[in-house]
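As a basis for the values below, the full set of heavy atoms in this structure was taken, side chains included, without hydrogen atoms, waters or symmetry mates. In this text, all values refer to a predicted model and were calculated from it rather than measured experimentally.
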Amino acid sequence: MTRIRRGYIARRRRTKMRLFASSFRGAHSRLTRTIIQQKIRALVSAHRDRDRKKRDFRRLWITRINAAIRGAGASYIYSRLIHNLYKGQLLLNRKILAQIAISNRNCLYMISNEILK
């Protein structure tokens with residue numbers, strides 16, 4: 001009986017996997033089963049860390065705003081600033097407030113003084 005040549009579909013799938021894992025070290029880039037496991041693990045980590053990145057940036061912005069506000073006066077804190085922003089219907093998100101706190105502190109002080117009135 002002659003040897004039957006297999007098709008190319010499985011090889012194409014494995015090649016795609018290998019290209020994904022080409023930057024991995026050791027067996028993680030050479031052995032098919034290990035490549036599949038590492039690909040799943042990498043994609044899970046990427047998905048989880050996309051959410052974590054949003055959380056981390058929000059925490060960073062809050063820290064920057066709080067530091068800038070407390071520098072102005074010890075009686076005024078972050079939570080009160082955000083509360084007064086909502087009460088005054090000023091639509092500035094934390095990212096923009098953090099950028100203002102870094103680049104132009106006087107502007108942030110003016111904003112906080114305006115809302116207190």
*Asks:* How many angstroms lie between CG in L97 and CD1 in I69, if you round to the nearest 0.5 Å?
*Replies:* 8.0 Å
*Asks:* Members other than L31 in its cluster, when Ile, Leu, Val, Met, Phe, Trp, Tyr link by side-chain heavy atoms under 4.5 Å?
*Replies:* none
*Asks:* Does R5 have any side chain to side chain contact (heavy atoms under 4.5 Å, CB included) partners at least two apart in sequence or in another chain, and if so, which?
*Replies:* R3
*Asks:* Which value, rounded to the nearest 0.5 Å, describes the distance between S112 atom OG and L81 atom CG?
*Replies:* 6.5 Å
*Asks:* Could you note down all residue pairs passing side chain to side chain donor-acceptor pair (under 3.5 Å) where residues 19-45 supplies at least one of them, sequence neighbours left out?
*Replies:* R18-T32
*Asks:* Nearest 0.5 angstrom please: I82 CD1 to I77 CD1, how far?
*Replies:* 11.5 Å
*Asks:* Mind checking who shares a hydrophobic cluster with L43, ILVMFWY linked at side-chain heavy-atom distances under 4.5 Å?
*Replies:* F20, F24
*Asks:* Group every Ile, Leu, Val, Met, Phe, Trp and Tyr by side-chain heavy-atom contacts under 4.5 Å, then state whether I36 and I9 land in the same group.
*Replies:* no
*Asks:* Can you measure from CD1 (I111) to CD1 (I100) and round to the nearest 0.5 angstrom?
*Replies:* 4.0 Å
*Asks:* Treating N113 as the side-chain partner and Y109 as the backbone partner, does any N or O pair qualify as donor plus acceptor under 3.5 Å?
*Replies:* yes
*Asks:* First locate atom CD1 of I35, then atom CG of L19, and finally report the distance between them rounded to the nearest 0.5 Å.
*Replies:* 9.5 Å
*Asks:* Which pairs of donor and acceptor atoms, one on a side chain in residues 56-65, lie under 3.5 Å apart (sequence neighbours left out)?
*Replies:*
residue, atom, partner, partner atom, Å
T63, OG1, R59, O, 2.7

*Asks:* May I ask whether I96 and M110 are part of the same hydrophobic cluster, defined by side-chain heavy atoms of I, L, V, M, F, W, Y residues being less than 4.5 angstrom apart, directly or through others?
*Replies:* no
*Asks:* Which pairs count as salt bridge (charged side-chain N to carboxylate O under 4.0 Å, His left out) when at least one residue sits in residues 94-116, sequence neighbours excluded?
*Replies:* E114-K117
*Asks:* Working note: N66 + R70, criterion side-chain hydrogen bond (donor to acceptor under 3.5 Å, both in side chains); need CA distance, chi angles, decisive distance, verdict.
*Replies:* CA-CA 6 Å; N66 201 13; R70 284 176 187 255; 3.1 Å; yes
*Asks:* Considering residues at least two apart in sequence or located in another chain, which fulfil the salt bridge (charged side-chain N to carboxylate O under 4.0 Å, His left out) criterion with R52?
*Replies:* D49
*Asks:* First locate atom CG of L92, then atom CG of L85, and finally report the distance between them rounded to the nearest 0.5 Å.
*Replies:* 6.0 Å
